[in-house]
Number of protein chains: 2
Amino acid sequence: MPNRVLQSPPRSTSLLERLRQRSWRLTPQRRVVAEALDGEHVHLTADEVYARAVRRLPEIARATVYNTLNELAAIGEVREVALGPGPKRYDPETVRPHQHLICERCGAMRDVYPLGETQLALPESQRHGFILGRVDVVFWGLCAHCSARKP
Amino acid sequence: MPNRVLQSPPRSTSLLERLRQRSWRLTPQRRVVAEALDGEHVHLTADEVYARAVRRLPEIARATVYNTLNELAAIGEVREVALGPGPKRYDPETVRPHQHLICERCGAMRDVYPLGETQLALPESQRHGFILGRVDVVFWGLCAHCSARKP
DNA sequence: TTGAATGCAAAGTGTTTGCACGTGC
DNA sequence: GCACGTGCAAACACTTTGCATTCAA
């Protein structure tokens, strides 16, 4: 049998499960924050996370939500998305590399998985001596709802 | 003589000149703000613009700088660039479409003109009913200076 | 002359911090 | 038990706003 077992095991797609696997100190507060973030196409602001968290755990403090979100971002379990005006958003999808499609009127945001992204490499002549890392792409447009409305 | 004169006149690459052509009400304050922004690879924060402006016009108010930057952005003569943490930056290059290359350690930012960008169209199946507009791309990396330093 | 721009200070957002208290491992 | 997380309030960073004054056209 081929050595399939040597492949690195697939990461769980559940944020909460991944945190358990890291033996992250799990408090009720941290749990409700992680639960608030779980799902697809989820891009909540800190305040929206707080609103969801406080429903399940009324005594949670806003600062704890901020602390927790910062920590999750620091260990790479959520991605901060800061675009345009307004507060940062937090994206729990860290398993599948993806980009964002955003409605410029209402701010609605979807994860997208564009093809052919490798064609986007920056020519050497344009690198200004930089060592390249990741590439972020944002597709701006109008969502179905907003493009149907008048002005 | 060939009808060169029928070509649409090239837009000036000088912000200040373009503003004059628009018959923008030109006050000393607005002039020093526009002058602060002029140049290539310029991506100043509002505070940095204020610092430059106040050198030439000590009585200028921070609020005036903010007002002016917002107005320039509204009429499309500067582009707001909000990425990562920290304050927004203002990019006076609105003539040549371009993208950005940013050092993830020190924040240094260069304008880049990547090739093959049209290949980045989002497949219909990924559009979620959106009408597409412009695409923003950010190349993250380490600048020459930062990649030479230790930790 | 006059509508628009300015300066100032105050208010508004969004986020971080300092510290006493509480708790998961 | 104790290092670490939490709650609270105050501080902080960035930006906008209201209003009386000044000024470019």
Side-chain angles (χ1 to χ4, degrees), chain A residues 16 19-37 43-75 77-91 107, chain B residues 15-17 19-37 43-75 77-91 107:
Chain A
L16 213 48
L19 294 173
R20 262 186 225 111
Q21 286 165 17
R22 285 179 177 263
S23 59
W24 201 50
R25 187 165 172 172
L26 198 49
T27 66
Q29 291 84 346
R30 289 172 161 209
R31 191 190 339 274
V32 294
V33 168
E35 284 170 357
L37 284 170
H43 309 94
L44 300 175
T45 64
D47 240 47
E48 289 164 348
V49 172
Y50 172 72
R52 291 184 176 205
V54 87
R55 247 182 268 149
R56 290 164 160 269
L57 193 67
E59 68 271 34
I60 194 174
R62 226 183 212 79
T64 299
V65 172
Y66 276 101
N67 288 342
T68 305
L69 290 172
N70 284 339
E71 185 160 347
L72 288 173
I75 66 179
E77 291 292 359
V78 304
R79 175 171 157 197
E80 293 187 348
V81 183
L83 295 165
K88 281 186 286 214
R89 295 182 169 274
Y90 295 87
D91 183 344
Chain B
L15 175 57
L16 211 50
E17 260 178 59
L19 293 173
R20 262 188 224 109
Q21 287 165 17
R22 285 179 177 262
S23 61
W24 200 50
R25 186 166 175 171
L26 199 49
T27 65
Q29 290 85 346
R30 287 171 162 208
R31 190 189 340 275
V32 293
V33 168
E35 284 170 358
L37 284 171
H43 310 94
L44 301 175
T45 65
D47 240 46
E48 289 164 348
V49 172
Y50 173 72
R52 292 184 176 204
V54 87
R55 249 182 267 148
R56 289 163 160 269
L57 191 68
E59 68 271 33
I60 194 174
R62 219 181 278 277
T64 299
V65 171
Y66 276 102
N67 288 341
T68 305
L69 290 172
N70 283 339
E71 187 160 346
L72 288 173
I75 65 178
E77 290 293 359
V78 304
R79 175 171 157 197
E80 294 187 347
V81 185
L83 296 166
K88 281 186 285 213
R89 296 184 169 271
Y90 295 87
D91 183 346

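In what follows, chains carry the letters A, B, and so on, assigned in the order in which the sequence lines appear, proteins first and then strands, with residues in each chain numbered from 1. Side-chain atoms are counted along with the backbone in the values below, which use heavy atoms only and exclude waters and symmetry mates.
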When you look at B:R31 and B:R56, which way does the side chain to side chain contact (heavy atoms under 4.5 Å, CB included) test go after all the steps?
-> CA-CA 10 Å; B:R31 190 189 340 275; B:R56 289 163 160 269; over 6 Å; no
Under the side chain to side chain contact (heavy atoms under 4.5 Å, CB included) rule, what do B:T68 and B:Q29 come out as? Steps first, then yes or no, please.
-> CA-CA 9 Å; B:T68 305; B:Q29 290 85 346; 5.6 Å; no
Apply side chain to side chain contact (heavy atoms under 4.5 Å, CB included) to the pair A:L19 and A:L26, showing each step before the final yes or no.
-> CA-CA 8 Å; A:L19 294 173; A:L26 198 49; 5.7 Å; no
Derivation and outcome, side chain to side chain donor-acceptor pair (under 3.5 Å), residues A:E77 and A:W24 = CA-CA 11 Å; A:E77 291 292 359; A:W24 201 50; over 6 Å; no
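Of the candidates D:dA25, D:dG7, C:dT15, the closest approach to any side-chain atom of A:K88 belongs to C:dT15. The A:I60 side chain lies nearest to D:dG7 when the options are C:dG14, D:dG7, C:dT16. Side-chain proximity of B:Q29 to the nucleotides C:dT6, D:dG7, C:dT15 is greatest for C:dT6.
Following rounding to the nearest Å, A:I75 (CD1) and D:dC4 (P) show an atom-to-atom distance of 15 Å. Regarding B:R30, its CZ atom lies at a distance of 4 Å from the P atom of C:dA5, rounded to whole Å. In this structure, A:E59 places its CD atom 18 Å from P of D:dG5, rounding to the nearest Å. Distance, A:L69 CG to C:dG14 P: 15 Å, rounded to whole Å. Rounding to whole angstrom units, CD of residue B:E80 and C1' of D:dC14 are separated by 13 Å. With rounding to whole Å, B:Y50 atom OH is found 14 Å from C:dT6 atom P. Atom P of nucleotide C:dG24 and atom CZ of A:R20 are separated by 15 Å, given to the nearest angstrom. Remark: C1' of D:dG5 and CD of A:E71 are 9 Å apart, rounded to the nearest angstrom.
Between the side chain of B:R62 and the backbone N or O of B:Y50, no donor-acceptor pair lies under 3.5 Å. Within the 3.5 Å criterion, the main-chain N or O of A:L44 finds no donor-acceptor partner in the side chain of A:R52.
An OP1 or OP2 oxygen of D:dT15 is reached within less than 4.0 angstrom by no side-chain nitrogen or oxygen of B:N70. The phosphate of D:dT15 (OP1 or OP2) has a side-chain N or O of B:Y66 nearer than 4.0 angstrom.
In plain terms, the two heavy atoms of A:I60 and A:V54 that are nearest each other are CG2-CA, 3.9 Å. Shortest non-hydrogen contact noted between B:L83 and B:V81 is CD1-CG1, 3.6 Å. Between A:Y90 and A:T45, the shortest heavy-atom distance links the atoms CD1-C, 4.5 Å. A pairwise comparison of heavy atoms in A:R30 and A:R25 identifies NH1-O, 3.0 Å as the closest pair.
Two end axes, each from the C1' atoms of five base pairs, can be drawn for the helix from C:dT1-D:dA25 to C:dC25-D:dG1; they diverge by 40°, to 10 degrees.
When each of B:G86 and B:W24 is assigned the nucleotide of DNA chain D with its nearest heavy atom, B:G86 is the one assigned upstream, toward the 5' end.
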Each nucleotide N or O in nucleotides 18-23 of chain D that has a protein N or O under 3.5 Å away: list the pair and distance.
{"from": "D:dC23", "atom 1": "O2", "to": "B:R25", "atom 2": "NH2", "distance (Å)": "3.1"}

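A:R62 comes within 4.0 angstrom of no nucleic acid atom, judged by non-hydrogen atoms across all strands.
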